[in-house]
**Q** 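Quick one: this structure, given as structure tokens, is what I'll be asking you about.
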Amino acid sequence: MALNARLHLLLAITADGKPLMMVDSAYQLSLSTGATWSVVAIDTPSVAQRAPALRSALLQALDKAQSLGARVTRISTGSHTRSAVVSSLAHRALSEGATALMIGRLRQPGSDWPPVDQDLGAFADVLAQLLPGVTVHLVCLPQEAPDSPASSLRERWGFRGRRDSGRRGHWYGFAAGPSVLLALAVSTALGFALERYLDPANVIMLYLAGVVYVASRAGRAPAIATVLGGVLLYDLIFVHPRWSLKPTEPQYWLAFLVMLVVGLVISQLAAQTREQSVLAEARAQRTQALNQLSVALGRARDRGAVVQLLCAAVQSCVGVWPSLLFVADSRAQMLPGQELPAGFNPRWALEAVAGPREVGSGTALGSDEPLRYLPLVAGDWAFGVLVFSPPGPERDTLEDQHLVRALANQAAIALERADLERRSTAAAVEAEGERTRNTLLAGISHDFRTPLTTIVGNATMLIEQAAAIGEERRIALLQTLLAEAHRLHIMTSNLLDLTRLDEGAVRPRLEWCPADELLEAARSQMHTRLCHHRLVSKVQPEALVWCDARLVDQVLVNLLDNAIRHSPTGGVIRVAIEVGPGRWRLTVHDSGPGIPAGHEQAIFQKFYRAAGESDSLGKGLGLAICAAIAALHGGTITAHNDGGAKFTLTIPQPAPPELEQDETS
Amino acid sequence: MNTARSDAVQILVVEDEAAIRQLLRSTLEAEGHVVHEAPDARSGRTLAGNRRIDLYVVDLGLPDADGLALIRHLRSWTQRPIVVLSARTEELQKVEALDAGADDFVTKPFGVAELHARLRVALRHARQTALGGASSLSFGNCRIDLTTKSVLMGGLPVRLTATQWRLLEVMCRHVGRVVTSRQLLKEVWGPGHADQAHYLRIYVRQLRQRLEADPAHPVYLTTETGVGYRLSADAEPAL
């Protein structure tokens with residue numbers, strides 16, 4: 001199961017348990033162990049009545065936890081018996097798949113938290129028994145200085161503090177048996193003490209008080225036991241004759257009866273209240289699960305994230321990790337990393353989608369199946385199935401089923417939205433590609449027509465007007481024809497090269513090349529065009545550079561071509577290669593007017609033309625090719641003005657190879 | 001076909017573009033050669049099998065088969081020179097064709113002067129092989145004697161390391177033609193070093209420093225970027 005594969009820390013805090021400090025400790029612990037973490041705030045009724053300042057401290061702590069990446073939930077226990085807190089905590093830890101639980105201990109009299117301050121170990125033991133395999137961290141919080149803000153707060157609601165300390169006993173009543181005995185013993189002792197002042201009929205009130213006490217915190221059965229025990233003890237001890245069960249006066253029978261009836265009614269009411277609070281808590285948990293999922297889904301952008309969130313949410317309500325299948329054209333398909341649960345039957349998955357309706361275990365159709373199949377519906381069309389083995393009956397109530405359906409619906413909407421987003425992005429990319437193609441075609445048709453016009457014109461002239469053309473004129477026409485053909489060749493080559501570079505069709509073949517050889521190869525190709533300029537090259541002798549020689553040659557030729565076109569006749573063009581640690585650098589520095597201000601990056605874009613420059617397409621692509629080749633080598637090319645324009649190609653390289661010396665012949 | 005002299009060079013042109021075939025026929029016939037044309041690899045094979053052909057000009061991009069496959073087929077039974085016509089995008093196939101036994105290449109678009117120069121070298125090399133090979137050659141101020149393994153630069157002896165000499169020897173045997181890096185590495189360093197091109201680069205530079213008048217701007221031992229090296233002799237080698 002994906003969630004359990006990692007560490008997860010659950011921090012439990014209350015309003016008066018130094019929540020900010022606890023959040024900080026838990027964050028540190030999660031950082032050092034690499035665990036994910038979440039925070040659960042425990043709302044007991046007494047906390048709900050607390051001073052606003054304390055409650056805002058809790059909210060502040062929760063905000064902080066959220067900003068530090070924790071998931072934040074709250075539990076309302078409706079009672080502060082230790083059993084209620086412990087079972088809520090344990091349930092939460094299990095449903096979140098926590099591997100560690102962190103609770104705090106405040107050495108401060110009069111606080112609700114920790115639930116135990118004398119037998120803290122026992123509390124941890126109970127938790128550890130309920131949560132095998134979960135580490136329980138107890139954090140001892142420091143004693144507060146008398147003038148600290150929290151302590152002065154405490155003084156402001158002083159009488160409540162006292163009431164709370166009185167209530168602290170509630171945390172201890174965990175086992176039912178001792179509490180029944182305790183109630184009976186206290187009532188009997190009080191009865192003895194007050195016997196002289198009270199009418200025997202009034203002593204029964206003491207036992208009724210005991211019944212109320214037991215009923216409120218231990219449930220119906222212990223309360224009934226207390227009622228019966230109380231009636232028995234009252235009869236035995238306080239009704240004359242003492243130590244006899246048979247009262248001398250028949251009126252006592254009425255007292256027994258009233259006590260029995262009142263005791264039973266009280267225990268019944270207390271039990272109902274308890275059940276309702278449990279239900280309310282379950283309801284709150286469901287609403288919370290739904291809210292959490294919708295908040296998280298709002299941030300999820302792709303299918304994988306949505307599926308993960310949905311599965312986690314479903315797991316937290318039914319306790320099992322579900323599988324999600326996408327169904328299209330009668331074929332089910334899963335996202336990578338997911339696996340099918342045992343007993344999966346594709347027939348039921350398709351059945352669920354075809355309905356769309358919920359089928360499988362516990363439903364009207366296919367109830368014998370081990371798994372349940374819940375369709376994911378967007379609009380009126382099902383595109384996926386959630387498959388899971390249903391939990392035991394206690395977690396498969398109508399409300400639970402409704403919740404899973406609601407979660408699935410939320411996720412379906414998010415998945416549909418993610419799909420739409422993906423499609424609209426693809427459409428935008430397509431449109432952008434189309435636009436580029438149109439620009440390209442317009443550029444090609446314009447720039448190709450010029451040399452073609454010259455070629456066709458000159459050729460037809462040579463054929464049809466041959467007699468009228470003198471020898472000198474004929475040669476001139478032919479030379480123009482050849483030059484234009486060469487121009488077309490450069491343009492097509494550039495266009496082709498750029499397309500291949502853009503499409504990733506070119507894989508650089510990297511090897512060690514002598515730097516001077518690269519310069520020489522480019523120089524010899526540009527030999528005829530360089531005759532009106534002075535080329536000054538600077539290169540470390542013996543330097544080896546790491547590159548694809550053919551591609552870097554193309555960069556050099558394009559940069560030289562650019563430099564020749566922008567330098568005045570007789571101008572100097574400086575070319576240099578220098579090798580540094582981890583990289584090498586080629587610079588081409590012309591003596592022209594430089595790059596127009598602010599265009600230092602734009603010149604590397606396809607079809608860039610400086611204002612007022614009517615260059616042909618082939619030239620508009622040269623620098624774009626250089627940039628593409630630089631990128632292919634994992635390097636960069638930049639331009640800036642330094643006298644003329646200076647282009648710098650930087651390419652990373654490993655340590656140069658060791659060369660073996662050989663013997664002379 | 002033509003009514004040609006019996007001693008004229010018979011050239012088979014395998015090229016699918018009619019316009020380029022026409023250009024090749026015109027320019028080759030103007031040089032006095034006899035031209036046979038094949039528009040695809042299949043008819044190229046047939047013609048090669050039925051005629052006495054002295055030189056093959058093969059386009060790499062043929063409609064029915066890879067030009068490379070045709071070259072391998074031809075090399076399986078003839079040692080006659082093969083010159084490859086290649087486009088810019090066929091760099092890798094070009095090197096493969098040379099490694100498969102083609103003698104040289106001409107990149108489209110080409111000028112006729114370049115074409116004829118390549119064909120002449122290929123034909124001359126074929127003739128030398130037939131006669132047992134040259135024993136010496138010279139270029140610039142340099143004179144190389146392959147039998148005595150001596151190099152004279154302006155009349156003075158030049159000392160070479162064993163590896164430098166082996167490299168020079170291979171270049172001399174293929175004088176005028178391109179030799180791929182792979183072929184040089186295999187012949188000089190052995191088959192295990194075929195991917196260590198930097199060795200080759202270093203030694204080529206060392207040779208240039210000893211044999212070229214201006215090593216930074218070599219005239220005789222030139223680089224064919226992305227393919228290999230070419231040694232050009234300026235005179236007909238003494239036989």
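Quick note on labels: first sequence line is chain A, next is B, and so on, each numbered from 1. Computed from a predicted structure; not experimentally measured.
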**Q** Sort Pro218(B) into side chain, backbone, both or neither according to what part of it lies under 4.5 angstrom from a heavy atom of chain A.
**A** both
**Q** Run Leu92(B) and Arg507(A) through side-chain contact (heavy atoms from CB on, under 4.5 Å) and show every step you take.
**A** CA-CA 11 Å; Leu92(B) 282 175; Arg507(A) 288 228 183 88; over 6 Å; no
**Q** Of the backbone (N, CA, C, O) and the side chain (C-beta and beyond), which part of Lys108(B) lies under 4.5 Å from a heavy atom of chain A, both, or neither?
**A** backbone
**Q** Please identify each residue that fulfils salt bridge (Lys or Arg N to Asp or Glu O under 4.0 Å) with Arg583(A), with sequence neighbours left out.
**A** none
**Q** Is the number of heavy atoms from other residues, nucleotides or ligands within 6.0 Å of CD (Gln209(B)) greater than 12?
**A** yes
**Q** Does a salt bridge link Arg201(B) with Glu517(A), judged by any charged N lying under 4.0 Å from a carboxylate O?
**A** yes
**Q** Under 4.5 Å from any heavy atom of chain B, what part of Asp548(A) do you find: side chain, backbone, both or neither?
**A** neither
**Q** Who in residues 520-533 of chain A is close to chain B, using a strict under-4.5 Å heavy-atom cut-off?
**A** Glu520(A), Ala521(A), Arg523(A)
**Q** Looking at every non-hydrogen atom in both residues, tell me the closest pair between Gly226(B) and Arg550(A) and how far apart they are.
**A** CA-CD, 3.7 Å
**Q** Give me the atom names and distance for the closest heavy-atom approach of Pro109(B) to His489(A).
**A** CD-CE1, 3.1 Å
**Q** For Arg509(A), look at atom CZ and say whether over 12 heavy atoms of other residues, nucleotides or ligands are found less than 6.0 Å away.
**A** yes
**Q** Is it the case that more than 12 heavy atoms not belonging to Arg473(A) sit under 6.0 Å from its CZ atom?
**A** no
**Q** Looking at Asp497(A), Asp553(A), Leu496(A), which one has more heavy-atom pairs under 4.5 Å with chain B than the rest?
**A** Asp497(A)
**Q** Mark yes when over 12 heavy atoms from residues, nucleotides or ligands other than Arg574(A) sit less than 6.0 Å from its CZ; otherwise mark no.
**A** no
**Q** Got a second to check how far Leu544(A)'s CG is from Arg205(B)'s CZ, nearest 0.5 Å?
**A** 6.5 Å
**Q** Is any side-chain heavy atom of Leu518(A) less than 4.5 Å from a side-chain heavy atom of Thr225(B)?
**A** no
